[in-house]
Amino acid sequence: MRDEMNILADLFKTFFKIGMVTFGGGYAMIPIIQREVVDKHHWTSEKELLDLIAIAQSCPGVFAINISIFIGYKLRKVKGALCTALATALPSFIIILLIAMFFHQFEDNKVVAAIFRGIRPAVVALIAVPTFNLAKSAKINLANCWIPIGCALAIWALGVSPILIILIAGLGGYVYGKYVQPTE
């Protein structure tokens, strides 16, 4: 019982910290989640994290909450899932509540507007770095880089639904694995 409480406390502290220090949405959390969950605590492997990211992205709901639930559930079933979901969401809830209470006092402030203009490019970088790391882990190379590029262009330029892209990619992966390349 003591060991379970220690693990739940570690899960809560880790995912609270992840939720507290991450700006830019769920994808910006990926490098921090990888460092904490894979490198530091060894709760999952890098390959398994990549699979969890794909599943979390495919499920409805907030990406960061989804991935925290999967990791919490893997370690301590329902208690772990509830613990990590709460820990991930709580910092954002508190911050948004404080912003909502005081934002009207700062919304026309030129300094605040300048700060937000500076933060936007940094958020893009926070999303780009894990994207390249995921591409490396997913073995994206010159022979198959057309797939993510084509998918991104279809979503951005043509307005294709990301859900349709995920379904087509899943079907394509199934067909490729079943008929083109035998499993290892």
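Scope of the values below: all heavy atoms of this structure, side chains included, with no hydrogens, waters or symmetry mates. Since this is a predicted model, take the numbers as computed values, not measurements.
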Margin query: The test is side chain to side chain contact (heavy atoms under 4.5 Å, CB included); show your working for Lys40 and Arg35 and say whether it passes.
Written below: CA-CA 6 Å; Lys40 184 177 177 184; Arg35 186 177 63 239; 5.6 Å; no

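- Judged as a side-chain hydrogen bond (donor to acceptor under 3.5 Å, both in side chains), and not counting sequence neighbours, Thr84 has no contacts.
- How far CD1 of Ile71 is from CG of Leu11: 9.0 Å, rounded to the nearest 0.5 Å.
- Atom CZ of residue Arg117 and atom CD1 of residue Ile115 lie 10.0 Å apart, to the nearest 0.5 angstrom.
- Checked by atom type and distance alone, the side chain of Ser68 pairs as donor or acceptor with a backbone atom of Ile65 at under 3.5 Å.
- Enclosure of atom CD1 in Ile163 is not indicated, since only 12 or fewer non-hydrogen atoms of other residues, nucleotides or ligands lie within 6.0 angstrom.
- The shortest non-hydrogen separation linking Leu49 to Thr44 is N-OG1, 3.9 Å.
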Checklist line | Asn144 vs Ile147, side chain to side chain contact (heavy atoms under 4.5 Å, CB included): CA-CA, chis, key distance, verdict | finding: CA-CA 6 Å; Asn144 62 8; Ile147 297 170; 4.2 Å; yes

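- Between Leu164 and Val160 the shortest heavy-atom distance is CD2-CG1, 4.0 Å.
- Rounded to the nearest 0.5 Å, atoms NZ (Lys13) and SG (Cys83) are 11.0 Å apart.
- Taken from CG in Leu90 to CZ in Phe93, the straight-line distance is 8.0 Å, to the nearest 0.5 Å.
- Tracing side-chain contacts under 4.5 Å through hydrophobic residues (I, L, V, M, F, W, Y), one reaches Val21 starting from Phe63; they form part of the same cluster.
- Contact between Ala54 and Ser58 at its shortest, heavy atoms only, is O-OG, 2.8 Å.
- Membership of an apolar cluster is not assigned to Leu142, as no side-chain contact below 4.5 Å to another ILVMFWY residue is traced.
- Under the 4.5 Å side-chain contact rule for hydrophobic residues, Ile67 and Ile69 do not share a cluster.
- Nearest approach of Phe70 to Cys59, heavy atoms of both residues: CZ-SG, 3.9 Å.
- The same ILVMFWY cluster, assembled from side-chain heavy atoms under 4.5 Å apart, contains both Val37 and Leu134.
- Asn66 contributes atom CG, which lies 12.0 Å from atom CD1 of Ile53 (distance to the nearest 0.5 angstrom).
- A donor-acceptor pair under 3.5 Å is formed between the side chain of His42 and the backbone N or O of Val38.
- With rounding to the nearest 0.5 angstrom, the CG atom of Leu86 is 9.0 Å from the CZ atom of Phe16.
- No chain of hydrophobic side-chain contacts below 4.5 Å, direct or via other Ile, Leu, Val, Met, Phe, Trp or Tyr residues, connects Ile149 to Leu158.
- Closest heavy-atom contact between Glu46 and Ser137: OE2-OG, 2.7 Å.
- Val62 and Leu52 are members of different hydrophobic clusters when ILVMFWY side chains are connected at heavy-atom separations under 4.5 Å.
- The minimum heavy-atom distance linking Ser92 with Gly19 is given by the pair OG-O, 4.4 Å.
- When atom types are taken as modelled, the side chain of Lys74 and the backbone of Trp43 share a donor-acceptor pair closer than 3.5 angstrom.
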Note to self: side chain to side chain contact (heavy atoms under 4.5 Å, CB included), that's the test. Do Ile95 and Met20 meet it? Break it down for me.
What the structure shows: CA-CA 9 Å; Ile95 291 167; Met20 186 66 128; 4.3 Å; yes

